[in-house]
Engineer: 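Sending over a structure as structure tokens; questions will come in a sec.
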Amino acid sequence: MRKSSCRYVINALGKGGETYYTHCKDKAEVKQWIADHRDRVSMNDVKVIDNNRHPLLKWLSVKL
């Protein structure tokens, strides 16, 4: 079984309608990404998913 090195998934909607999707390995990297993109994304539309707590994402990462 392959272990994913990216724990967090960020899905965000930009102020101009853009879609942002990225992976981060820890909370510090998530905070840095949000700080770097705060002026471009709608903070109400930022979703951060923890792969360790989301069973469907665990199942998908094992299947890939």
Engineer: Working to the nearest 0.5 angstrom, can you tell me the gap between N11 CG and D45 CG?
Structural biologist: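 If I round to the nearest 0.5 Å, the distance is 9.5 Å.
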
Engineer: Tell me every residue that passes side-chain contact (heavy atoms from CB on, under 4.5 Å) with E29, counting only those two or more places apart in sequence or in another chain.
Structural biologist: C24, K25, D26

Engineer: Compare every heavy atom of E18 with every heavy atom of R40, then report the nearest pair and how far apart it is.
Structural biologist: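 For R40 and E18, the tightest heavy-atom pair comes out as O-OE1, 4.4 Å.
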
Engineer: If we only count heavy atoms from C-beta on, is the N52 to R7 side-chain gap below 4.5 Å?
Structural biologist: yes

Engineer: Calculate, to the nearest 0.5 Å, the distance between atoms NE2 and NZ belonging to H37 and K15 respectively.
Structural biologist: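 That separation rounds to 12.5 Å.
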
Engineer: If you count every heavy atom of other residues, nucleotides or ligands that lies below 6.0 Å from K31 atom NZ, does the total exceed 12?
Structural biologist: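 Atom NZ in K31 is not crowded, with 12 or fewer foreign heavy atoms closer than 6.0 Å.
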
Engineer: Other than W33, what residues sit in its cluster of Ile, Leu, Val, Met, Phe, Trp and Tyr side chains whose heavy atoms are under 4.5 Å apart, directly or through others?
Structural biologist: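 Y8, I10, Y20, V30, I34, V41, M43, V46, V48, which link up through side-chain heavy atoms under 4.5 Å apart, make up the rest of the cluster.
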
Engineer: Residues in side-chain contact (heavy atoms from CB on, under 4.5 Å) with H23, at least two apart?
Structural biologist: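 With sequence neighbours excluded, H23 shows a side-chain contact (heavy atoms from CB on, under 4.5 Å) to C6, V9, Y21, given in chain and number order.
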
